[in-house]
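Counting begins at 1 with the first residue of the sequence. All of these numbers come straight from a predicted model, not from anything done at the bench.
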Amino acid sequence: MLKKFALPIIITALICSILAGCSSSEKSDTAKAEEQRPIMIQGPMPIEAEKLADRLDDVKKEKSGSFIFYIGKLDGYPVIVAKTGKGMENTAAATAVAIEKYNPAAIINQGTSGGHDADLHVFDIVLGKRTVNLGSLKTGNLAEGEGIKPKNWIPMDLMASEGSAGEDPDAENIRYFEGDKQLLEAAKAVKDEYKKGKVVEGTIGSADVWNNEVDRINWFHEKYGTSVEEMEGAAGAQIAKAYDIPYLGIRILSNNKVNGGQYNPDTAQANQEFVYKVVKQYIEEK
């Protein structure tokens with residue numbers, strides 16, 4: 001009798017073992033896939049993206065609209081360099097496309113910028129402890145002939161209310177997007193390896209405006225606490241926040257109007273070299 005039932009019992013046990021093993025393997029593969037979500041590095045223009053892309057292994061290029069994604073690996077970990085194009089709209093769209101398409105674990109927006117702080121010089125790097133949109137403003141109520149008074153304009157927080165901005169008093173506060181702490185720590189861990197300038201934490205300002213008026217630059221520096229300005233970071237930060245993706249801006253000063261720092265295009269490559277080390281450190285810590 002025992003022999004009669006032994007074979008079916010053994011077969012059943014083997015099937016259960018195989019199924020359990022498959023289930024365990026599937027769970028392991030799922031966990032591995034989650035661990036291997038890529039790190040996304042954004043650069044607006046070719047000069048701000050392609051040197052980083054060249055440092056990746058096994059690179060393939062994909063295009064979506066006008067956005068180019070260089071998909072490769074760094075130390076065996078998946079990394080994507082995105083050439084977003086210049087400006088807030090391009091960056092917002094490229095960020096949303098990348099999140100939906102590649103599901104990144106983290107996003108670093110990097111490139112060149114103009115200085116707002118007289119203590120910062122060309123080749124200094126600002127780690128975006130926070131990022132702010134400098135172009136979201138509400139003007140005063142002035143009639144025809146009463147002129148234009150930009151220094152009286154007030155912030156307009158587009159994320160404060162889904163209704164009219166006038167209905168919510170919080171909509172007139174400055175909206176700062178905080179940089180991710182883990183990304184920030186990775187950047188701080190390698191900052192002493194950078195020898196071309198200093199690396200500081202600060203506030204990155206963004207807008208579809210190129211400011212050359214020193215008084216206006218000083219106004220933003222005083223009112224918003226900006227260290228530098230560029231044309232992309234706050235847009236990427238806003239979309240990353242909408243998807244709850246860790247985000248950090250890293251910007252190098254390519255010029256500084258407030259202390260006479262002249263434009264130097266070599267800063268774009270220097271920043272990419274620093275960001276490369278930041279990403280290696282971040283991967284090591286994951």
request  = Supply the atom-to-atom distance K138 NZ to M156 CE, rounded to the nearest 0.5 angstrom.
outcome  = 7.0 Å
ask   = Is the closest side-chain heavy-atom distance between I204 and V126 below 4.5 Å?
value = yes
message = So, applying salt bridge (charged side-chain N to carboxylate O under 4.0 Å, His left out) with D75, which one of R55, K277, K280 is it?
response = K280
request  = Give a yes or no answer on whether the side chain of R130 reaches the backbone of E178 with a donor-acceptor pair at less than 3.5 Å.
outcome  = no
query = Side-chain contact, heavy-atom cut-off 4.5 Å: L127 with V200?
reply = no
ask   = Going by heavy atoms in the side chains, are I99 and I107 under 4.5 Å from each other?
value = yes
query = How many angstroms lie between atom NZ of K83 and atom CG of N90, to the nearest 0.5 angstrom?
reply = 12.0 Å
query = Can you name the one residue among K51, K196, K195 that meets salt bridge (charged side-chain N to carboxylate O under 4.0 Å, His left out) with E273?
reply = K196
ask   = Are L74 and I68 grouped together when hydrophobic residues (ILVMFWY) are joined by side-chain heavy atoms under 4.5 angstrom apart?
value = yes
query = Between A105 and P246, which heavy-atom pair has the shortest distance, and what is it?
reply = O-CD, 3.2 Å
request  = Taking the side chain as every heavy atom from C-beta outward, state whether L184 and E201 have any pair of such atoms under 4.5 Å apart.
outcome  = yes
request  = Determine, using the 4.5 Å side-chain heavy-atom cutoff (strictly less than), whether V278 and I125 are members of one ILVMFWY cluster.
outcome  = yes
ask   = Are the side chain of N259 and the backbone N or O of L120 linked by a donor-acceptor pair below 3.5 Å?
value = yes
Backbone of G205 reached by a side-chain donor or acceptor of N133 within 3.5 Å = no
message = Checking T91 against Q42 for the side-chain hydrogen bond (donor to acceptor under 3.5 Å, both in side chains) test, could you report, in this order, the C-alpha distance in whole Å, the side-chain angles of both residues, the deciding distance, and whether it holds?
response = CA-CA 9 Å; T91 303; Q42 298 177 321; over 6 Å; no
message = Can you tell me how far apart CE (M231) and CG (N211) are? Round to the nearest 0.5 Å.
response = 9.5 Å
key: Min side-chain heavy-atom separation K149-L142 under 4.5 Å   = yes
request  = Measure the CD1-CD distance between I250 and Q110 for me, rounded to the nearest 0.5 Å.
outcome  = 7.5 Å
ask   = What pair of heavy atoms forms the shortest contact from G135 to A207, and how long is it?
value = N-CB, 3.6 Å
inquiry  = Less than 4.5 Å apart, side chain to side chain, heavy atoms only: is that true for I174 and P155?
reply    = yes
ask   = Backbone N or O of A143 within a donor-acceptor pair of the E146 side chain at under 3.5 Å?
value = yes
ask   = With no hydrogens and no angle check, is any side-chain donor or acceptor of S254 less than 3.5 Å from a backbone partner on Y263?
value = no
task = Give the minimum heavy-atom separation between A160 and A171, together with the two atoms involved.
result = CB-CA, 3.6 Å
inquiry  = How close do M40 and A82 get, counting heavy atoms only, and between which atoms?
reply    = SD-CB, 3.6 Å
message = Ring centres under 6.0 Å, that's the criterion: do Y247 and F177 meet it?
response = no
request  = Assess whether atom NZ of K241 is packed by more than 12 heavy atoms of other residues, nucleotides or ligands within 6.0 Å.
outcome  = no
query = Should V275 and M45 be regarded as members of a common hydrophobic cluster, given that ILVMFWY residues are connected when their side-chain heavy atoms come within less than 4.5 Å of each other, either directly or indirectly?
reply = no
inquiry  = Any non-hydrogen side-chain atom of E232 less than 4.5 Å from a side-chain atom of S206?
reply    = no
request  = Answer with yes or no whether the hydrophobic clustering places V199 together with Y276; edges join I, L, V, M, F, W, Y residues whose side-chain heavy atoms lie under 4.5 Å apart.
outcome  = yes
inquiry  = side-chain contact (heavy atoms from CB on, under 4.5 Å), that's the test. Do F123 and L253 meet it? Break it down for me.
reply    = CA-CA 5 Å; F123 279 101; L253 275 76; over 6 Å; no
query = Are V59 and F69 connected in the hydrophobic side-chain network, where two residues link if heavy atoms are under 4.5 Å apart?
reply = no
Contact summary for A187 and L248, nearest pair of heavy atoms = CB-CD2, 4.4 Å
query = Does the side chain of S64 come within less than 4.5 Å of K101's, by heavy atoms?
reply = yes
request  = List the steps and the verdict of side-chain hydrogen bond (donor to acceptor under 3.5 Å, both in side chains) for E48 and T112.
outcome  = CA-CA 7 Å; E48 295 167 303; T112 58; 2.8 Å; yes
inquiry  = Looking at D57, I want to see if its CG is surrounded by more than 12 non-hydrogen atoms of other residues, nucleotides or ligands under 6.0 Å.
reply    = yes
request  = Could you list all the ring-ring contact (aromatic ring centres under 6.0 Å, His included) pairs where at least one residue sits in residues 190-222, not counting sequence neighbours?
outcome  = Y194-F274, F220-Y224
key: Check against salt bridge (charged side-chain N to carboxylate O under 4.0 Å, His left out), D124 and K198   = CA-CA 5 Å; D124 288 346; K198 58 180 176 283; 3.1 Å; yes
key: E89 vs D208, side-chain contact (heavy atoms from CB on, under 4.5 Å): CA-CA, chis, key distance, verdict   = CA-CA 9 Å; E89 294 79 8; D208 281 330; 2.7 Å; yes
request  = Determine, for R251 against E230, whether the closest basic-nitrogen to carboxylate-oxygen distance falls under 4.0 angstrom.
outcome  = yes
key: Which atom of P44 lies closest to which atom of T84, heavy atoms considered   = CA-OG1, 3.5 Å
request  = Step by step, work out the side-chain hydrogen bond (donor to acceptor under 3.5 Å, both in side chains) result for Y102 and E62.
outcome  = CA-CA 11 Å; Y102 303 112; E62 293 186 359; 2.6 Å; yes
ask   = How many angstroms lie between atom NZ of K188 and atom CG of L183, to the nearest 0.5 angstrom?
value = 12.5 Å
inquiry  = Show, in sequence, the C-alpha distance, side-chain angles and deciding distance for T203 and T131, and conclude whether the side-chain contact (heavy atoms from CB on, under 4.5 Å) test is met.
reply    = CA-CA 6 Å; T203 299; T131 305; over 6 Å; no
ask   = Once you round to the nearest 0.5 Å, how far does CG of N271 lie from CD1 of I47?
value = 11.5 Å
request  = Start with the C-alpha gap between V279 and I41, add the side-chain angles, then the distance that decides, and say whether side-chain contact (heavy atoms from CB on, under 4.5 Å) holds.
outcome  = CA-CA 9 Å; V279 175; I41 308 167; 3.6 Å; yes
